[in-house]
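Notes to accompany the following structure.
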Amino acid sequence: KVLTELPSSSSECLVQAKTGTGKTIAFLLPALQALLSGKPLPSGQVGILILSPTRELALQIAKECDQITASLPQRLECHTAFGGTARASNLKKFLHGKPTVLVATPGRLNDYLTEESARGKFQDIRTLILDEADTMLEQGFLLAIKDILKKLPPKKAGWQGMCFSATIPAKVTDVVKIVLNPGYTHLSTVDQSEPPTVANVPQYFITIPRMMDTFNALFALIKLEYAHNPTEFKAIVFGTTANGVALLAALFTKLMPEFKVYQLQSRLSQSVRTRTTDEFKAASSGLMFASDVIGRGMDFPNVGHVFQLGLPASGEQYVHRVGRTARAGNDGRAVILLNENESYFPRINKLLPINPYPTDLAPHISSVSAEVSVAFESVDEVTKSKAYQAFLGFNKTFLKNLRLDTPGLVRMANEYANAMGCPEPPMVDKKVVGKMGLKGVMGLRVGTIERDEPPRQGPRQGLRQGPRPERAIENAVTNGKERWSTNGRNGSNGDAPLNNRWTRAGGQPLGNGTNGRNSGNTNTTRNGGGRGKRRGGAGGVDDRATKR
Ligand SMILES: Nc1ncnc2c1ncn2[C@@H]1O[C@H](COP(=O)(O)OP(=O)(O)OP(=O)(O)O)[C@@H](O)[C@H]1O
């Protein structure tokens with residue numbers, strides 16, 4: 001659609017297409033075509049700048065760019081800039097190289113742009129692309145994007161803006177004008193009447209009856225799904241916090257030795273994350289336990305199952321997580337496991353085709369509980385303690401959505417600890433209890449913990465301060481404040497007012513009219529950022545190019 005309906009390869013555009021349908025190549029080809037057919041780029045200048053919300057996605061886009069340009073007569077260098085890698089040596093390569101294409105996360109790029117010499121490399125930029133544009137223009141990243149734009153040539157210098165995502169909530173069309181000129185082309189292949197998730201993925205939910213059964217339910221489910229799909233079983237299990245993911249990986253390494261268990265979350269070193277990403281991409285089977293660092297954009301071939309334990313940050317994030325399976329036309333299955341307090345999520349997201357899981361899991365849960373208890377005996381206490389603390393920190397910010405008070409939260413967390421086989425709730429450092437606002441709450445074991453590990457740089461799990469932008473995805477999920485602030489959908493900015501009881505964080509519903517799309521009338525807006533008559537429906541749009 002982009003290659004045939006964009007007025008020209010250098011046209012400004014906002015593009016929506018479902019997950020796994022080839023958006024990367026859909027922005028790379030026109031951008032490269034425009035660059036190669038335009039006036040020659042001065043040597044050493046960046047021609048195409050692509051911004052990505054996560055480091056792994058930046059690397060993936062760069063690799064796809066290299067695959068495309070490998071067939072060109074003259075070599076085009078594609079550089080990357082993202083956190084967790086050696087700044088000095090990468091910056092030196094960037095300054096002395098010919099980074100015709102640069103794929104970056106906002107945090108590291110802003111860091112580069114503090115250097116005059118780096119700013120000098122963008123004087124002739126031709127195209128700026130926001131992949132996962134809706135998340136790049138949300139609270140967690142928006143300031144960083146604006147900082148970047150202040151250090152680039154102004155929009156009137158004529159560079160092309162391109163924004164791509166599988167989900168385009170209504171509020172995006174307000175903000176997208178910082179990157180797109182009025183009159184940009186809005187293309188979509190997402191039919192308004194369809195759910196925004198890929199069609200060939202049956203989606204189910206399971207309400208876990210007791211916190212005590214959290215891990216039993218996940219194990220029973222994976223076993224059941226594996227039994228039905230024994231060949232090349234390759235699955236991703238999304239957890240809500242980095243430490244919660246680390247616990248799951250440790251547990252399932254013991255529970256399912258027949259699988260290679262992988263984990264990806266923000267507390268791992270970047271070199272481990274990069275290596276693990278490559279390994280899982282190449283794997284024909286395996287179990288990946290991950291946080292939202294791979295919730296969007298990441299292309300792991302032949303993933304047949306996506307499981308989610310706990311709430312996603314929003315309906316949109318749910319769609320992107322499910323989109324890790326059934327890519328490039330393949331099939332897939334998705335199951336979300338929720339505890340009683342989280343069980344509202346399917347109810348407030350009617351636009352998502354999430355049905356009750358077809359098998360009664362109860363007998364399977366009781367049959368695996370002994371095995372899970374034994375496996376937990378070999379998971380170390382520090383891993384459990386960190387997961388417990390992250391559980392408290394994460395859920396503390398969503399008490400209203402979960403309909404809990406602080407004693408109720410501690411009771412839930414202590415049941416979670418009990419499910420891990422902790423004889424008593426892990427101790428929480430009194431300073432952490434204070435920061436969580438849980439001082440004096442019954443049920444907590446408070447003390448002073450001398451951690452042997454060196455204090456981490458930057459924010460601590462569950463108590464994240466202001467995000468380093470490339471961590472914003474992770475933080476947005478693990479720190480309700482981020483998520484809280486990302487939810488501007490109170491109707492005040494003209495969005496269709498949502499069911500406000502649930503729009504505060506914790507599984508925000510997919511917005512009505514989330515696509516911000518006009519009625520499909522090609523002349524409804526002339527200024528690009530304005531609003532035509534908005535149609536309801538979730539992220540769907542009429543299947544026509546609409547010239548704004
Ligand atoms: N025209 C095509 N023919 C065959 N395979 C394709 C084509 N275009 C893309 N693919 C493959 O489809 C997969 C998904 O592509 P891509 O990662 O760009 O999806 P996406 O739309 O960006 O997904 P997401 O919304 O999750 O970011 C990749 O493996 C890619 O190589």
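All residue numbers refer to positions in the sequence shown, counting from 1. Just so you know, these numbers come straight off a predicted model, no measurement behind them. One-based numbering, in listed order, for ligands and for the atoms of each. Computed over heavy atoms, backbone and side chain alike; hydrogens, waters and symmetry mates excluded.
Here the side chain of W159 pairs no donor or acceptor atom with the backbone of L128 at under 3.5 angstrom. Between the side chain of Q265 and the backbone N or O of A290 there is no donor-acceptor pair closer than 3.5 Å. Judged purely by atom type and a 3.5 angstrom limit, K23 uses its side chain to pair as donor or acceptor with the backbone of K18. Looking only at distances, no side-chain donor or acceptor of N110 sits under 3.5 Å from a matching main-chain atom of G107.
The single protein non-hydrogen atom nearest to atom 18 (O) of ligand 1 is T24 OG1, 2.7 Å, given as residue, atom name and distance. The shortest contact between atom 6 (C) of ligand 1 and any protein heavy atom is with A328 CB, 4.9 Å.
For ligand 1 and K18, the ligand atoms under 4.0 Å from any heavy atom of the residue are 21 (O).
With a heavy-atom cut-off of 4.0 Å, D299 touches ligand 1 through its side chain alone. At a heavy-atom cutoff of 4.0 Å, ligand 1 is contacted by the side chain of R327 but not by its backbone. Contacts between E132 and ligand 1, counted as non-hydrogen atom pairs separated by less than 4.0 Å, involve the side chain only.
D131 has no carboxylate O lying under 4.0 Å from a charged side-chain N of R296, or vice versa, which leaves the two without a salt bridge. One finds no salt bridge joining R273 and D278 here, because no Lys/Arg side-chain nitrogen approaches an Asp/Glu carboxylate oxygen to under 4.0 Å.
For the pair G20 and ligand 1, the shortest N or O to N or O distance falls below 3.5 Å. Considering both main-chain and side-chain atoms, G22 comes within under 3.5 Å of ligand 1 through a nitrogen or oxygen pair.
Ligand 1 lies out of reach of M298, whose nearest heavy atom is not under 4.0 Å from it. Judged by the shortest distance from any of its heavy atoms, R324 lies inside the 4.0 Å radius around the atoms of ligand 1.
A donor-acceptor pair shorter than 3.5 Å cannot be found between the side chains of Q317 and Q308. For the residue pair H320/T167, the side-chain donor-acceptor check at 3.5 Å is satisfied.
Below 30°, between 30° and 60°, or above 60°: for F94 and Y112 the angle between ring planes is between 30° and 60°, a tilted geometry.
Contact annotation for atom 28 (C) of ligand 1: protein present (non-hydrogen atoms, distance under 4.0 Å). For atom 3 (N) of ligand 1, the nearest protein heavy atom lies 4.0 Å or farther away. For atom 10 (N) of ligand 1, the nearest protein heavy atom is 4.0 Å or more away. Using a 4.0 Å threshold on non-hydrogen atoms, atom 23 (O) of ligand 1 counts as touching the protein. Put simply, atom 13 (C) of ligand 1 has protein non-hydrogen atoms near it, under 4.0 Å away.
Relative to the six-membered ring of F300, K234 misses at least one condition, a distance below 6.0 Å or an angle of at most 45° to the axis.
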